[in-house]
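Report on the following structure.
One-based numbering, in listed order, for ligands and for the atoms of each.
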Amino acid sequence: MAPAATISTEDLIPEVLQALDKSDQDSISSADAFPAVPFETMKAILDRLTSRSMTTYKQVDTEEAVLEPEAETIVSHGSHEARVFEAVHQAMEGLSIQDLEKAIGDKTVTKMGQGKAFKEKWIKKDGDKLVAITDSITDVTRDQLKVIQETKTHDPKIINELKKRKLIRIQKSFSFRIAKGDKFALEMVKEETDLTAEMLASGSWKTATFKPYNFEALGADQHAGALHPLGKVRGEFRQIFFEMGFKEMPTSQFVESGFWNFDTLFVPQQHPARDLQDTFYISDPKTADRPGPEDENDKRNYAEYFENVREVHENGKYGSIGYRYPWAEDESLRLVLRTHTTSTSASMLYKLASESRNGQSPPVRYFSIDRVFRNESVDATHLCEFHQVEGVIGDYGLTLGGLMEFMQIFFEKMGVTNLKFKPAYNPYTEPSMEIFSYHEGLGKLIEIGNSGMFRPEMLEAMGLPSDYKVYGFGLSLERPTMIKYGISNIRELLGHGVNLNVIEKSAAVRLDKD
Ligand code: PHE
């Protein structure tokens, strides 16, 4: 089957230009000149011509009154009451109701017309007959409808009245007022898109018409790789950390010994966090070597540190009474998928302690953002793995108030204000605080982080001076990412359920905006 005939824009362009040229008015109306051309087609043509300044145009939205079928009949045959009058008037002797109905041939017209004709005092009853009282009438409704049929409009009062009587309806129509532009011509010249060497050589560039740049055009889809939302938010966090003078810790190691993940952090060996239900243990190999030098330049006394950790757990040291249980080396050497990046913070602090000169340690600011693993049941907000944003600040004279102030400044940089702190417990920090923020969208306080001041049992065992204090804090990268991107199910963010289209189209994030 041949496609339905469509009006091509190419054919219409010269017609529009000619219509403008021939018109003795300043402008023409597309509704008058091209009533059959669909709105969208006309708009496409005018956009093209206008982009070359050949025309200008304005969209005109108008309301037109249109006759309903009943009104069309009235225009051709007269109103009901007029028809009744004519029939009665023609019959010299008057008409019975039955004869009137026969003469008109329509029950409704007869019935409705009669009532009105009585009211208008055109007819009256004479015995059982209807007789005309006057010789001529004016059929007002018909006259009004005729005007509307021709001009599409009338006095607003009349329009309203006829609308109420369901004789007309109002129809919106869109058209254009078109005028000549600065560069009006009868032909659309070919526009050059490039300035070529030939044009320069021949000098034809002087008279050529160049196509203006369209800065609004979307670029072609590159099908290139895209950053994952978690990567974007991670980038923002890194920027904040760098801006605040932090150094990034090397965290690219998912497997740790229990020693670094738990024991150095003063987590007792019977702590529930170390249960199989909470922590993934490695089955092959099962255990690590005792902690030892990283290379031949590493002169640290690991054996001493190992013994310090054992002693502080078993009997206490550095003013602590310890946990008073038999500390097992085997347990300490079991390999785990790290449950937090605090294992790296511990190893960095141990490094700091061993690099200190004359018992003095410099102030430090470390951060990391990397993956951690916990044996959790998976639901809308929990997976077995997530990313932890962690920061550590070490210096003399640090106080809890300073940590609170730091957290406020840090979170404010990502647009999170009005923090609340709640006392909490971590084996490795005292005091410890959970950090909450009021979430406008959810209408409640939500936990956004965990923090505290590392215990002397942890720091002094490493060899840090007793008056050297360290803040630590951790939060998940997933939570702010889900909030920023309006994702309610974590499985849409991470894992096999992720929709790559969503990832590709996800906006760049600015934590401090919105
Ligand atoms: N390790 C803690 C967590 O996983 C975060 C934290 C780090 C808390 C450092 C205090 C100090 O939630």
Subject >> Ionic contact status for D263 with R274, cut-off 4.0 Å >> reply: yes
Show me a pair-per-line table, with atom names and distances to 0.1 Å, of protein N or O atoms that are under 3.5 Å from an N or O of ligand 1.
from, atom 1, to, atom 2, distance (Å)
ligand 1, 1 (N), H340, ND1, 3.2
ligand 1, 1 (N), T342, OG1, 2.8
ligand 1, 1 (N), Y428, OH, 2.9
ligand 1, 4 (O), R374, NH2, 2.9
ligand 1, 4 (O), Q388, NE2, 2.7
ligand 1, 12 (O), N450, ND2, 3.2

Original post:
Salt bridge between E191 and R48, side-chain N to carboxylate O under 4.0 Å?
Top reply: no
Original post:
Is any side-chain N of the basic residue among R374 and E385 closer than 4.0 Å to the acidic one's carboxylate O?
Top reply: no
Subject >> Check: L230 main-chain N/O paired with H228 side-chain donor or acceptor under 3.5 Å >> reply: yes
Original post:
Can we call the ring centroids of F254 and F373 under 6.0 Å apart?
Top reply: yes
Subject >> E460-S466 side chain donor-acceptor pair, cut-off 3.5 Å >> reply: no
